[in-house]
K.L.:
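Next up is a structure, given as structure tokens.
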Number of protein chains: 2
Amino acid sequence: MPQAEKRGLCTDVPARVAPRGAHAWPQRGGGARAFNPLTERLRRIGVDEAALAGLDAGIVEVRSIAVGGQIVREGKATARLHILLEGWACRYTRVARGRQTLAFLLPGDICDLDTLHAALLEYGVAAITPCKVAVLRSDDVRRAAAAHPSVAAALLGFAFEDQAALVRRAASLGRRSARGRLAHLICELHERTIAAGIDAEGSYLLPATQDDMADILGLTNVHVSRTLKALRDEGLIRLDTRCVTILDLAALAHIADFTPAAPSNMPEVR
Amino acid sequence: MPQAEKRGLCTDVPARVAPRGAHAWPQRGGGARAFNPLTERLRRIGVDEAALAGLDAGIVEVRSIAVGGQIVREGKATARLHILLEGWACRYTRVARGRQTLAFLLPGDICDLDTLHAALLEYGVAAITPCKVAVLRSDDVRRAAAAHPSVAAALLGFAFEDQAALVRRAASLGRRSARGRLAHLICELHERTIAAGIDAEGSYLLPATQDDMADILGLTNVHVSRTLKALRDEGLIRLDTRCVTILDLAALAHIADFTPAAPSNMPEVR
DNA sequence: CGGAACGTTGACTAGGATCAACTCAGGTGG
DNA sequence: CCACCTGAGTTGATCCTAGTCAACGTTCCG
């Protein structure tokens, strides 16, 4: 049925290609200056204002990165810490068979926490959409952590969140079917876009290409396409121009074997 | 060909079942007292003797755990840190489809580093062979870390090693074939048994059941059996009574796409 | 207008899963 | 000492999930 697509009114807006050019993606924070979602996040966790101001002042540079551009290079041990301000990115490793994405990064996420302590980075970070990244000197960040226990605690908390996410990723890759993995990813991102405040009434923009999804799911782009179509056809999700709408969260969560995150918005550090 | 196995002289000792009872597995450290391989490891990294003595003195209990027994329970946030003194264990998470093992633990490994900082454990730890585990109060360990920077650095280093291992695990699960994963596991363990000083001239004891291997590889026990047989038949490994001998490391590393660990025996902390 | 990037669809293949039977050692209990 | 059971591994047959190859539709963009 090449391009017929006459299945009637529901759920099947063709979901054709959308631009990943420089205009379409969400630009939070009203006016002019670069809004820092990480600051918000830290404030909510209870990091004191002095520390926040210090961190903000420590921003050496705000880089703009085009789609597909490298934010952090694999292996390299720079003395810089990168914070994602706008756009989506992915953390990945290379294997002979291709690329395995470890995590999608959303605004407010720290790209390369490990640089604070490890000499080698096991992964790289690349831009999925055009991104804005705040660059800090890792020395400064370490100093801030030393000076403000609340900062140290927050960073440690982030590190453990990352690790927990990686555990869940491994579980998905090892023990879930393509269907399950995809459903799980959709649930995950649903939750995270809400947490990051970039959702919109039960829908969210998922700028990742089907290739990108294949990379994180351990699948092929072709199979992602098919599986996605199946979920659409069953009326579980809607998908137009990269905007995901979850139509039946319960069913989706069920086939995903998804457990919502514990309410540990405030990471239990120490 | 049920139980014929007449393929001649090479590589095909039937590899039948071996006991996992309480007698067969390596008991390091000659005589009577419980030898602590972690202490050795820390000493090599350059942790000072005072700190080592303190940690050793902090051992509240040495527990013996039978095959299949729980060393650390999932989810539970105990105020105890567990160090594997003898035997093999595995760190795992549960998923609807079964268990996904995240790592095999060898003597000298810390079972549940996260308990030092996180309230929730994403994983459990179970004994693959009979194990001896040193139990410490996490408060004491935190105090030791605070008092001795070298201890803090070492712990942080271990945390990053764990994380790096997890990254490689995810890559394997997502992007390697069964053959590749198995070959990779064999190379990995080759390296780690050497590092832990429990190898024997190019061979090592791999006490894990084929079920255990299936759990870490994201496969079925049946498929592990077949894949293992293929590797044996091709003369890449020998396998008798759970003793692995690598016959052609280069070939194995090639099909595994294996990169030997960086010589960061001394983790580059700070 | 032509090309590139993204997505869809079909036909075919292959890599693992599943189900099931059977072998072999070690224990256990009579 | 033997009968029996259990846990581990092997092997075969069959099915199905996902990969591969390829063509084609769109949309965007230069």
K.L.:
Round to the nearest Å and state the distance from B:D211 atom CG to D:dG7 atom C1'.
P.N.:
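Taking atom C1' of D:dG7 as the reference, CG of B:D211 is at 9 Å.
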
K.L.:
List the residues meeting side chain to side chain donor-acceptor pair (under 3.5 Å) with B:Q70, not counting sequence neighbours, and say none if there are none.
P.N.:
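B:Y92.
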
K.L.:
Residues two or more places apart in sequence or in another chain: which of them pass side chain to side chain donor-acceptor pair (under 3.5 Å) with A:T78?
P.N.:
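Not a single residue meets the side chain to side chain donor-acceptor pair (under 3.5 Å) criterion with A:T78.
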
K.L.:
Nearest whole Å is fine: how far is D:dT11 P from B:L228 CG?
P.N.:
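From B:L228 CG to D:dT11 P: 11 Å.
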
K.L.:
Using five pairs at either end of the helix from C:dC1-D:dG30 to C:dG30-D:dC1, determine the angle between the two local helix axes and round it to 10 degrees.
P.N.:
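For the helix from C:dC1-D:dG30 to C:dG30-D:dC1, the axes at opposite ends meet at about 30°.
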
K.L.:
Contact list please: residues 175-187 of chain B against DNA chain C, heavy atoms, distance less than 4.0 Å, in numerical order.
P.N.:
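When residues 175-187 of chain B is checked for heavy atoms under 4.0 Å from DNA chain C, the hits, listed by number, are B:S177, B:A178.
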
K.L.:
Nearest whole angstrom, please: distance from the P of D:dT26 to the CD of A:Q210.
P.N.:
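Computing the A:Q210:CD to D:dT26:P distance gives 16 Å.
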
K.L.:
My understanding is that only residues two or more places apart in sequence, or in another chain, count here; which of them pass side chain to side chain donor-acceptor pair (under 3.5 Å) with B:N221?
P.N.:
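Only B:D211 meet the side chain to side chain donor-acceptor pair (under 3.5 Å) criterion with B:N221.
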
K.L.:
Scan residues 96-109 of chain B for pairs that pass side chain to side chain donor-acceptor pair (under 3.5 Å), counting only residues two or more places apart or in two chains.
P.N.:
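Every side chain to side chain donor-acceptor pair (under 3.5 Å) pair that includes a residue of residues 96-109 of chain B, provided the two are not neighbours, is B:R41-B:D109, B:D109-B:R192.
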
K.L.:
Salt bridge (charged side-chain N to carboxylate O under 4.0 Å, His left out): which pairs involve residues 169-185 of chain A, sequence neighbours left out?
P.N.:
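Every salt bridge (charged side-chain N to carboxylate O under 4.0 Å, His left out) pair that includes a residue of residues 169-185 of chain A, provided the two are not neighbours, is A:R169-A:E188, A:R175-B:D215, A:R176-A:D257, A:R179-A:E234.
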
K.L.:
With sequence neighbours excluded, what pairs up with B:H184 under the ring-ring contact (aromatic ring centres under 6.0 Å, His included) test?
P.N.:
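With neighbours one apart ignored, the set is B:F258.
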
K.L.:
Using whole Å, report how far CG of B:D240 lies from C1' of D:dG9.
P.N.:
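These atoms are roughly 15 Å apart.
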
K.L.:
Test: ring pair (Phe, Tyr, Trp, His ring centres under 6.0 Å). Region: residues 196-217 of chain A. Which pairs qualify, not counting sequence neighbours?
P.N.:
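Sorted pair list comes back empty.
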
K.L.:
Going by the rule side-chain contact (heavy atoms from CB on, under 4.5 Å), which residues pair with B:A165 if we only count those two or more places apart in sequence or in a different chain?
P.N.:
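Once residues adjacent in sequence are excluded, the partners of B:A165 under the side-chain contact (heavy atoms from CB on, under 4.5 Å) criterion are B:R168.
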
K.L.:
Do B:V67 and B:I128 come close enough that some side-chain heavy atom pair is under 4.5 Å?
P.N.:
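Counting from C-beta outward, B:V67 and B:I128 never come under 4.5 Å.
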
K.L.:
Is B:G98 touching bases, backbone alone, or none of the nucleic acid, heavy atoms closer than 4.0 Å?
P.N.:
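It contacts nothing in the nucleic acid.
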
K.L.:
ring-ring contact (aromatic ring centres under 6.0 Å, His included) with B:H190: which residues, sequence neighbours excluded?
P.N.:
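B:H190 satisfies ring-ring contact (aromatic ring centres under 6.0 Å, His included) with no residue once adjacent residues are dropped.
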
K.L.:
Restricting both atoms to N or O, compile the protein contacts to nucleotides 20-23 of chain D shorter than 3.5 Å, with distance only.
P.N.:
from	atom 1	to	atom 2	distance (Å)
D:dT20	O4	A:R226	NH2	3.3

K.L.:
In Å, rounded to the nearest 0.5 Å, how long is the span from OG1 of B:T93 to CD of B:E122?
P.N.:
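If I round to the nearest 0.5 Å, the distance is 8.0 Å.
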
K.L.:
What is the distance, to the nearest angstrom, from the CG atom on B:L206 to the C1' atom on D:dG9?
P.N.:
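To the nearest whole Å, that distance equals 14 Å.
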
K.L.:
Rounded off to whole Å, could you give me the CG-to-C1' distance for the A:L219 and C:dG16 pair?
P.N.:
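Distance, rounded to whole Å: 15 Å.
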
K.L.:
Mind calculating the distance between NZ (B:K229) and P (D:dT11) to the nearest angstrom?
P.N.:
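After rounding, the gap between these two atoms is 5 Å.
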
K.L.:
Calculate the interatomic distance between B:L239 atom CG and D:dG9 atom P; express it in whole Å.
P.N.:
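Atom-to-atom, B:L239 to D:dG9, this comes out as 9 Å.
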
K.L.:
Measuring to OP1 and OP2 of C:dT8, would you say a side-chain N or O of A:S225 lies under 4.0 angstrom away?
P.N.:
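Yes, such a contact exists.
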
